[in-house]
Amino acid sequence: GNYVVILHENGFKSKYAHMGKKNVKAGEQLTSENFLGEVGLTGYTSGPHTHSEIIKNGIFLDPAKLLPEIPDMPKIDLAKK
């Protein structure tokens, strides 16, 4: 499917996948003001969503532990599933 990979400082890399449309080009310098693209259904997916990965020096990290909390986001108890 469609995806964007961003190379960050200090060995970090982030990937955003299953995008319906990409709004950035390879090699483009990005800031927090850039709109990377749109949620989509490309690749192997069961519904529209944003798939994100964060990698540091080749090791996959849990994005939920690094990204800021979303205000008013319902908590999901994964132990019940």
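In this text, all values refer to a predicted model and were calculated from it rather than measured experimentally.
- At distances below 3.5 Å, at least one donor-acceptor pair connects side-chain atoms of T42 with backbone N or O atoms of N2.
- The minimum heavy-atom distance between F35 and V24, with the atom names listed, is O-CG1, 4.2 Å.
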Working for side-chain contact (heavy atoms from CB on, under 4.5 Å), residues V39 and M19: CA-CA 5 Å; V39 172; M19 301 177 82; over 6 Å; no

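- In this structure, the side chain of D62 engages the main chain of A64 through a donor-acceptor pair within 3.5 Å.
- With a 6.0 Å radius and a threshold of 12 heavy atoms from other residues, nucleotides or ligands, E69 has its CD atom at or below the threshold.
- We find the OG-CG distance between S52 and L36 to be 11.0 Å, quoted to the nearest 0.5 Å.
- For H49, the side chain to side chain contact (heavy atoms under 4.5 Å, CB included) test picks out H18, T45, H51, with sequence neighbours left out.
- Shown here for F60 and E53, the closest heavy-atom pair between the two residues is CE2-OE1, 3.3 Å.
- Cluster partners of L66, by chain and number: F12, I54, I59, L61, L67. The rule joins Ile, Leu, Val, Met, Phe, Trp and Tyr whenever side-chain heavy atoms lie under 4.5 Å apart.
- Within a 6.0 Å radius of OH in Y3, other residues, nucleotides and ligands contribute 12 heavy atoms or fewer.
- Distance CD/E28 to CD1/I6: 10.0 Å, rounded to 0.5 Å.
- To the nearest 0.5 Å, atom CD of residue Q29 and atom CG of residue N34 are 10.0 Å apart.
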